[in-house]
Student: 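Take a look at the following structure, please.
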4 protein chains.
Amino acid sequence: MNTFGRKFRVSLFGESHGASVGVCVDGCPAGIGLQPSDFAADLQRRKSGARGATPRVEADAPELLSGVFEGKTTGAPIAIIFRNENTRSGDYSNLLSQPRPGHADFVAARKFGGYSDYRGGGHFSGRLTLSLVAAGVIAKKALGSVTVASTILEVGGVKYGEHEALLEEAIARGDSLGGLLECVASNMPVGWGEPFFDSAESLVSHIIFAIPSVRGVEFGSGFAAARQRGSEHNDPIVASSGKTKTNHAGGVNGGISNGNDLTLRVAVKPTSSISAAQQTFDFEKGRVDELHIRGRHDACIALRAPVVLEAATAIALADLMLLNVGSAGV
Amino acid sequence: MNTFGRKFRVSLFGESHGASVGVCVDGCPAGIGLQPSDFAADLQRRKSGARGATPRVEADAPELLSGVFEGKTTGAPIAIIFRNENTRSGDYSNLLSQPRPGHADFVAARKFGGYSDYRGGGHFSGRLTLSLVAAGVIAKKALGSVTVASTILEVGGVKYGEHEALLEEAIARGDSLGGLLECVASNMPVGWGEPFFDSAESLVSHIIFAIPSVRGVEFGSGFAAARQRGSEHNDPIVASSGKTKTNHAGGVNGGISNGNDLTLRVAVKPTSSISAAQQTFDFEKGRVDELHIRGRHDACIALRAPVVLEAATAIALADLMLLNVGSAGV
Amino acid sequence: MNTFGRKFRVSLFGESHGASVGVCVDGCPAGIGLQPSDFAADLQRRKSGARGATPRVEADAPELLSGVFEGKTTGAPIAIIFRNENTRSGDYSNLLSQPRPGHADFVAARKFGGYSDYRGGGHFSGRLTLSLVAAGVIAKKALGSVTVASTILEVGGVKYGEHEALLEEAIARGDSLGGLLECVASNMPVGWGEPFFDSAESLVSHIIFAIPSVRGVEFGSGFAAARQRGSEHNDPIVASSGKTKTNHAGGVNGGISNGNDLTLRVAVKPTSSISAAQQTFDFEKGRVDELHIRGRHDACIALRAPVVLEAATAIALADLMLLNVGSAGV
Amino acid sequence: MNTFGRKFRVSLFGESHGASVGVCVDGCPAGIGLQPSDFAADLQRRKSGARGATPRVEADAPELLSGVFEGKTTGAPIAIIFRNENTRSGDYSNLLSQPRPGHADFVAARKFGGYSDYRGGGHFSGRLTLSLVAAGVIAKKALGSVTVASTILEVGGVKYGEHEALLEEAIARGDSLGGLLECVASNMPVGWGEPFFDSAESLVSHIIFAIPSVRGVEFGSGFAAARQRGSEHNDPIVASSGKTKTNHAGGVNGGISNGNDLTLRVAVKPTSSISAAQQTFDFEKGRVDELHIRGRHDACIALRAPVVLEAATAIALADLMLLNVGSAGV
């Protein structure tokens, strides 16, 4: 459902065109410095504004409702909300009859008996990642010296930085592009990850696949490992700290962090909302018909995704950190 | 930890060289026909024996301890154990001083304060997948008309079926190979998957990354989506059932099954245990030294993995199925 | 932590003197009519104002932030907040040195390393029950024809209705009184409650003991059963519906509802905050000293507890209802 | 369902007349000494044999299947089974048509669509407490210096020790008696218990109400608190350790342990199976008819319950202990 984590527990709520989106973070250790300004940098990174990003502009000012006292976390749940202000409900009225390809319109209507809020994707909107980023800011603070950083590797198959022409072309055609991201957690200790079902990769992938538009997650050498030999893939340990010569394992063995960097890559699909005409089923007419999506959207959602990916990874790591406390004895 | 699922709940236990490995399945609906012979086919598929697979041979006869009465599930937990018989504990004594690259030896010892059972990888052994396969047999039955099938696409980067020479060469060199698998769930209904954190991909990837040796999971067009445009990636709906013309989404929109086949691919790393000499740290000597792994192992663990992948996928789908019951109203 | 329920999931947040208290209800079925006015009656019942209740007056107007669209639940999380307005932080400054007997002041400070919000009890304040009552309103709607009703049986050991003199005397002395409550759920179906650890009594008592001031919970004949014989305690079934002649079991057998009324009683301790002088430890002085509690408080918190008890019971029942769906087959 | 605990996690399985009952304990810290002989004392206390207890005699020898290596816990799940040997299936055939009052026969059949194992109560049998006691032995070891001890206070309303005549009379009449138990946990630290829904009382009562036959649970002064005044109920703190002069709170404030003994009392109903004739519904005849219960049963199940109550309490405390680790900072 809308909660992730067993000790560091994040619950999301909200809709694209409702009153607010928000998040509640339970289980955060007490005594961590936290104030509204701490959210500014990551929220800004997520914000639209860059070329290829939606022109919907929101203040995205976090309201801290609970869990912080005299500038520090108290151990009680931290609730944060963001008011939705810049909503145009009229834009989305045709989603009822003609669900958009790639979106949750059709499945949400069916799953919830026709009662889901369809405006702007409702609860399935990318706007919910605002809550995730806010929770990620808290998780990063809880992680202390462990740092999490994401970068864009490719846009539409082209190396990031060299992708401008491709992006302009996509925008001109009313089309969209996918992207490839990387995320690295540094200064990792040994021991995070629980046996079998709560492996580090299991928890990290669980939350990453909750980010809208993610199509694939790989750790270390990832899919390339399927083409390797053991003699090249195995990472020789070269120090008593567990440091390995290579890091094909992505910092995890047997589901447990081995003290090397946690490394992963994520495939982001091209934005589903495109201006160009598409064919899809019209439930009113009972036949396939042309669809024109109006409204505001990103030409390449991957461009705004790194901070979301960092947040998701940091949340999973914060949970793994707290789950590990006491494993070697009480 | 060692439990997966909120409604269809699977708990594993056991070690490679302990008394038994086993599994407890709680939350399975009552009235499903189940007897020991139902496990034979899938257990046989997982078994060693094929070229490139470990010569350790176990009877792998399931003992059903509970939860079945007069040949049908009762709604109570179903516990199954498999006795370990063919164990050679003497083979693994050097793991204490020189942990094997790619294995959990080092991290398990550190995480559990030196108390983990290191024989044959202990609780981190691939032998635990026996329990997963057994639970998968029950999940497949619970799924009714939804079927789950896995195939091997590649071995060591070569198309399956054309990989024999490569495998022989790897065996001759004492090396190992990775592999690429596909899994498809057919006859999927619309509506499985919960909003945000319990998306279908989240739960399925969570359990798949618990399978030892998995390095990557992708759904639908997966990593290729990062190089696509929206106009090619979007799947046009072509019927009121939700059927789409293409299936780049892999059968899931917004985390919820859309009625098309659920499709995914998994990268399996080359077996970490290889006969060829390796360099790695020797904690007794306090320096890197040559390591020779004795004992029995698979040259390509991916060859035995399809049935494990099916089991993991089926377990996640059974949980998603039961979680979805009642979503559109009680 | 601050979340209850596996399918109908309630998460609380907030502090007595922070910005807000609030609640997020996840897993509520879609299509249930819900609007702000639905909360008025139960919120009013919880409110102060009666003789013996605190004079702190709050508007307690619920802000529905998410999960409702066109007057109906959508299947997405329902977040509700209540602003704290009438707070007087100056009242509570001496809690740091001299924790109040019966309150969480001491344990919260110790558990959270001195970072807990101590103003008015902070997160441990009875004000959090406002969130519980709001979630209870939603749970009651989700329960459909199953109704939950609580009454006060006794105040300070005297039958409710005959307790006025006793209450006046306690107020005059700056003292407080405990109370005894009953709660009955009617129109119960057969089958709610899961085997062993998630018995109906387990889930219901779990949430009831989360209500501040509860000291005991009993079902059916409760503690009186310890003095009965089997021949008087056993409830003969008298109809094929499962209806029993007596209801010593309180509507539950083997942890599963049997179709008769669910009945339970709850002991509420006397309010811990009293105006009369008390002796307790002063951590600044390092010795026991006299304590004078200033501020506003209830002389008998049990008087406001029935609607809180109803809410808790309704939430547990809503979760049990949803957990039961599909038990007899998918 | 059949699992309790978030960090110290206990899963039960088995039926009265199936192959085995068993338990799997996950999350137990590594390095705790554990061998089969450690179970002997508590299993013996639970065993039948005393006057008023069922003559069914089982060896109850625990088979440790996993999670222990060289006499110490490894951090992996600990699975234990007990073979059922002394079963007489013929005794229970009439439960299908005439469900026993006070038992789960009727509700189990209805809940699980007629597929439940009805022999001897199946999964709802008191025999499942064998698994609970085994898990309790492990929990007690994990608790270290915190000790848990239960005693019988009353049998059939008569002080324990003075109850023999009453018991003999009940046996002679084919009737049964209830009982009152107390449980005390000593050497408790400050800080166990999580805010609101996972209060110490919530978790402890949750698992205690899972024990068959429990009708009520109260902490500290319990139901007597409903008749007290704040000035008598409040426990003055008398030392910087948090020690209180009295212990009406039962060692818990705001859901969190305060360093004083955790004290609770439990009401156990009279055994439902009685030899004396009863009236109840016969589903075959479609009318109320006389019921004669054959088979073996306890005249006062409370006599065997103390060790079960200790086990339940110890399991909840072990979970609370592990949940608390790290609360005041990572």
Side-chain angles (χ1 to χ4, degrees), chain A residues 1-2 4 12 101-102 104 106-107 110-111 113 123-124 157 175-176 178-180 190-191 194-199 201-202 205-206 209-210 215-216 218 222-223 225-231 233-238 242 253-254 256 258 267 269-271 274 276 279-281 288 327-329, chain B residues 1-2 4 12 101-102 104 106-107 110-111 113 123-124 157 175-176 178-180 190-191 194-199 201-202 205-206 209-210 215-216 218 222-223 225-231 233-238 242 253-254 256 258 267 269-271 274 276 279-281 288 327-329:
Chain A
M1 292 144 81
N2 295 280
F4 178 87
L12 301 187
F106 169 72
V107 293
R110 287 281 293 272
K111 181 177 181 75
H123 185 59
F124 296 86
D175 210 342
S176 63
L180 185 66
V190 178
E194 300 301 310
F196 224 86
F197 292 122
D198 288 349
S199 76
E201 299 104 320
S202 287
S205 71
H206 185 135
F209 272 117
R215 277 279 171 275
E218 60 177 16
F223 277 85
R227 300 186 295 274
Q228 290 181 324
R229 291 163 188 238
S231 55
H233 184 80
N234 281 353
D235 301 314
I237 303 175
V238 293
N253 291 122
I256 300 173
N258 62 20
K269 72 172 182 180
T271 318
I274 56 176
Q279 298 285 318
T280 198
F281 202 78
V288 170
S327 289
Chain B
M1 290 146 81
N2 295 282
F4 179 88
L12 300 188
F106 169 72
V107 294
R110 286 282 294 271
K111 183 179 180 75
H123 185 60
F124 295 86
D175 211 341
S176 63
L180 185 65
V190 177
E194 300 301 310
F196 224 85
F197 292 122
D198 289 349
S199 75
E201 297 104 321
S202 287
S205 72
H206 184 135
F209 272 117
R215 278 279 171 272
E218 59 177 17
F223 277 85
R227 300 185 295 272
Q228 289 181 324
R229 289 159 189 243
S231 57
H233 184 81
N234 281 352
D235 302 313
I237 303 174
V238 294
N253 292 123
I256 300 172
N258 63 18
K269 71 172 183 182
T271 317
I274 56 176
Q279 297 286 319
T280 197
F281 202 77
V288 170
S327 290

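For the numbers below, each heavy atom of this structure counts, side chains included, while hydrogens, waters and symmetry mates do not. Just so we're on the same page: letters track the sequence lines, and every chain starts at 1.
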Student: Please rank A:Gly179, A:Gly102, A:Ala104 by heavy-atom pairs under 4.5 Å with chain B and give me the top one.
Tutor: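 Most heavy-atom pairs within the cutoff with chain B belong to A:Gly179.
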
Student: So which of A:Gly178, A:Ala276, A:Pro270 has the largest heavy-atom pair count under 4.5 angstrom toward chain B?
Tutor: A:Pro270

Student: Select one option (side chain, backbone, both, neither) describing which atoms of B:Phe223 are under 4.5 Å from chain A's heavy atoms.
Tutor: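 Contact with chain A involves both backbone and side-chain atoms of B:Phe223.
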
Student: Under 4.5 Å, counting heavy-atom pairs only, tell me which of A:Arg229, A:His123, A:Gln279 racks up the most with chain B.
Tutor: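 Highest number of pairs under 4.5 Å: A:Arg229.
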
Student: With respect to chain A, which residue among B:Ala226, B:Ala210, B:Ala225 yields the maximal number of heavy-atom pairs within a distance under 4.5 Å?
Tutor: B:Ala226

Student: Which bit of A:Ser205 is near chain B, if near means a heavy-atom gap under 4.5 Å: side chain, backbone, both or neither?
Tutor: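 Both backbone and side chain.
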
Student: I want to check something: taking the side chain as every heavy atom from C-beta on, are B:Asn253 and A:Phe106 in contact at a cut-off of under 4.5 Å?
Tutor: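 No, side chains not in contact.
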
Student: Please look at B:Ile274 and chain A and tell me whether the side chain, the backbone, both or neither of the residue comes under 4.5 angstrom of a heavy atom of that chain.
Tutor: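 The answer is the side chain of B:Ile274.
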
Student: May I ask you to name which of A:Leu180, A:Val238, A:Val288, A:Asp235 has the most heavy-atom pairs under 4.5 Å with chain B?
Tutor: A:Val238

Student: Check whether B:Asn2 gets within reach of chain A through its side chain, its backbone, both or neither, counting any heavy atom under 4.5 Å.
Tutor: both

Student: Specify which of A:Gly242, A:Gly254, A:Ser176, A:Ser199 makes the most heavy-atom pairs with chain B at under 4.5 Å.
Tutor: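 It is A:Ser176.
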
Student: Given a strict heavy-atom distance threshold of 4.5 Å, which part of B:Ser231 is in contact with chain A: side chain, backbone, both, or neither?
Tutor: both

Student: Hey, which of A:Glu201, A:Glu194, A:His206 has the most heavy atom pairs under 4.5 Å with chain B?
Tutor: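 The option with the most such pairs is A:His206.
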
Student: Just to verify, what does A:His233 make a ring pair (Phe, Tyr, Trp, His ring centres under 6.0 Å) with, not counting sequence neighbours?
Tutor: A:His248

Student: Name all residues meeting the ring pair (Phe, Tyr, Trp, His ring centres under 6.0 Å) criterion together with A:Phe124; count only those two or more places apart in sequence or in a different chain, and write none if there are none.
Tutor: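 Expected list: none.
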
Student: Between A:Ser202 and chain B, with a heavy-atom cut-off of 4.5 Å, which part of the residue counts as in contact: side chain, backbone, both or neither?
Tutor: both

Student: Side chain from CB out, backbone as N, CA, C, O: work out which of these in B:Thr280 comes under 4.5 Å of a heavy atom of chain A, or both, or neither.
Tutor: both

